[in-house]
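So the structure is just underneath, and the comments pick up after that.
Computed over heavy atoms, backbone and side chain alike; hydrogens, waters and symmetry mates excluded. Lettering of chains follows the sequences in order, A, B, ..., and the numbering in each one begins at 1.
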Amino acid sequence: MSTATPLATVLIDGNNFYASCEALLDPAVLGRPLVVLSNNDGCIVSRSAEARALGIPMGAPFFQVRPQLERHGVIVRSSNYSLYGDMSQRLMATLESWVEELEVYSIDEAFGVLHRPRTSAGSGADLLAWGQALRQAVRQRLGLPVAVGIAPTKVLAKIANRLAKHSPSLPQPGVFDLGAVADPDPWLEAIAIEEVWGIGRRLSRWCRLRGIRDARQLRDMPSGELRLRCGVVGLRLQRELRGHPCLPLVSLPAAKKETCVSRSFSTPITTVAELREAIATYLSRAAEKLRRQRQCAGSLTVFVRSSPFSGRPFYSNAATITLPLASDDTAVLLAAALPLADRLFHPHHPLQKAGVLLQALQSANQLQHHLFSPLPAAQQARRESLLATIDALNARYGRGTIQWAACGLRSPWAMRRSRLSRSGTTRLEEVPVVWA
DNA sequence: TCTGGGGTCCTAGGACCC
DNA sequence: TCTGGGGTCCTAGGACCC
């Protein structure tokens with residue numbers, strides 16, 4: 001067993017993924033500053049390198065930076081998730097063949113495991129070359145730029161990836177191997193505490209107050225203190241920084257425990273009829289997801305809230321119902337959810353956002369032909385085939401081709417997406433690929 | 001006028017049981 | 001009167017991620 005080669009963890013992720021996808025669709029924007037907005041055209045969620053260089057802040061509300069964007073002639077795009085999702089699938093399919101095991105961590109990043117080749121000099125040159133070849137393959141096949149971080153643990157691979165992106169004058173640009181450097185300390189000191197994976201706003205403030213300003217200091221601080229404030233999560237993080245893997249690779253995603261669909265409204269909702277339509281719309285999307293995941297929901301929550309920025313008193317409320325029998329049937333779930341919407345609506349509180357959470361999820365396979373099914377078996381089978389047909393038609397011809405009457409038509413509150421790169425039904429076949 | 005959406009994990013505390 | 005001890009399950013809330 002001592003013959004096993006040591007493992008290396010890699011993190012591969014897309015540079016400015018959404019912005020890069022937009023450039024793929026319209027090569028004319030290449031080399032020009034571009035930003036992508038969140039749903040409802042709310043905030044900036046992705047920037048091209050040129051937009052970043054102009055100092056456009058990530059996460060800024062669009063209306064606040066709009067003058068700055070216009071002044072610099074920045075191209076602005078609504079987010080086009082069907083495009084990003086398609087490109088993500090192709091990226092992950094490519095990465096599959098480059099690593100031993102792959103964990104798809106988010107739409108634009110994945111962890112992988114590799115065997116680290118032994119070299120007498122211990123230089124690690126082989127993995128740098130490997131990373132460079134991977135970047136070239138992805139660029140050729142998909143036209144997307146990626147960065148590659150290599151290290152002994154996931155937390156360190158995240159850091160290596162960051163260094164790969166932001167350190168100028170690396171021998172292999174876009175690739176960094178933290179396991180191959182003689183002394184990692186100066187590199188860890190270049191990572192501000194806020195940039196460490198797992199340290200969010202609250203914990204970074206706490207660290208700063210204790211004089212912990214970078215990843216190296218976090219690694220070396222007393223474990224007891226960290227444990228007291230952050231529990232086992234903090235300890236695991238610190239061990240990973242010290243090079244001991246604590247976070248396993250998750251190549252088979254676990255079944256979802258809950259599924260949520262929520263949106264902000266383009267204009268505030270002031271009538272119960274509109275709220276019912278919105279909830280019905282979100283619920284039917286959530287039920288679709290549930291059926292795709294082959295799950296049924298045992299309980300369901302509807303939540304609403306007013307705008308925290310309106311100057312009026314903030315209103316936030318939620319109601320939960322446990323279903324007598326777990327279900328994935330839109331009609332059954334609607335019958336449970338709409339009365340909750342009625343209960344939560346308040347005429348004096350214009351609503352800015354609402355959502356539906358499906359909870360206590362269980363595998364649909366275990367429930368089929370349930371003894372206590374409210375419908376006779378034949379009727380139940382017809383019902384399932386009807387839902388499957390609706391899902392198939394909506395998948396083939398676009399969302400909303402067939403929908404429940406309760407969802408309403410042409411809703412004034414629906415999400416704003418005024419700068420979509422292409423008409424809503426982007427299909428992968430339409431995407432022109434640039435051969436770099 | 002205008003501030004995203006969808007998740008996970010951990011912990012503390014209460015309810016309930018024997 | 002005064003108030004065991006150990007266990008499980010559930011929920012709410014906090015913190016984090018992209």
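Using modelled atom types and a 3.5 Å distance limit, the side chains of A:R305 and A:Q352 yield a donor-acceptor pair. No side-chain donor-acceptor contact under 3.5 Å links A:N40 and A:S38. A:D41 and A:S78 form a side-chain donor-acceptor contact under 3.5 Å, judged by distance and modelled atom types alone. With hydrogens and angles left out, the side-chain atoms of A:E101 and A:S251 include a donor and acceptor closer than 3.5 Å. In the model, A:Q293 has a side-chain atom that pairs as donor or acceptor with a side-chain atom of A:T259 under 3.5 Å.
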>> Could you walk me through whether A:F17 and A:M87 satisfy the side-chain contact (heavy atoms from CB on, under 4.5 Å) test, starting with their C-alpha distance in whole Å, then the side-chain angles of each, then the deciding distance to 0.1 Å, before giving a yes or no?
In response: CA-CA 9 Å; A:F17 187 66; A:M87 292 315 298; 4.1 Å; yes
>> With side-chain contact (heavy atoms from CB on, under 4.5 Å) as the criterion, how do A:Q295 and A:Q362 come out once you've worked through the C-alpha distance, each side chain's angles and the decisive distance to 0.1 Å?
In response: CA-CA 5 Å; A:Q295 288 182 306; A:Q362 44 195 285; over 6 Å; no
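A heavy atom lying under 4.0 Å from DNA chain B marks the following residues of residues 279-289 of chain A, by number: A:K289. For the contact set between residues 298-322 of chain A and DNA chain B, defined by any heavy atom under 4.0 Å, the members are A:F309. Only A:K257, A:E258, A:T259, A:C260, A:V261, A:S262, A:R263, A:S264, listed by number, bring a heavy atom of residues 257-275 of chain A to less than 4.0 angstrom from any atom of DNA chain B. Of the residues in residues 197-227 of chain A, those placing a heavy atom less than 4.0 Å from an atom of DNA chain C are A:W197, A:G198, A:I199, A:G200, A:R201, A:R202, A:L203, in numerical order.
Between the side chain of A:T94 and the backbone N or O of A:R90, at least one donor-acceptor pair lies under 3.5 Å.
Chain A approaches DNA chain B over the interval B:dC2 to B:dT11, counting the first and last nucleotide 5' to 3' with an atom under 4.0 Å from its heavy atoms.
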Acceptor/donor pairs from residues 67-75 of chain A side chains to any protein atom, 3.5 angstrom cut, sequence neighbours excluded:
from, atom 1, to, atom 2, distance (Å)
A:E70, OE2, A:R66, NE, 3.4
A:H72, ND1, A:Q68, O, 3.1

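At a threshold of 4.0 angstrom between heavy atoms, the contacts of A:N39 are confined to the sugar-phosphate backbone, with no base atom among them. Counting any heavy atom pair closer than 4.0 Å across all strands shown, A:V65 reaches no nucleic acid atom.
B:dA15 sits 16 Å from C:dG4 when the P atoms are compared, rounded to a whole Å. Of the P atoms belonging to C:dT3 and B:dC16, the separation is 22 Å, rounded to the nearest Å.
Using cut-offs of 30° and 60° for the angle between ring planes, the A:F265 and A:Y282 rings count as parallel.
Atom CG of A:L209 has more than 12 neighbouring heavy atoms from other residues, nucleotides or ligands inside a 6.0 Å radius. Atom CZ of A:R229 sits in a crowded spot, with more than 12 heavy atoms from other residues, nucleotides or ligands closer than 6.0 Å. No more than 12 heavy atoms of other residues, nucleotides or ligands sit less than 6.0 Å from atom CZ of A:R32.
Between A:L237 and the options A:L226, A:I199, A:T153, a side chain to side chain contact (heavy atoms under 4.5 Å, CB included) holds for only A:I199.
For the pair A:D41 and A:V233, nearest-nucleotide mapping onto DNA chain B gives the more 5' position to A:D41.
Pairing for C:dT11 is with B:dA12, a Watson-Crick or G-U wobble pair whose two hydrogen-bonding atom distances lie under 3.5 Å.
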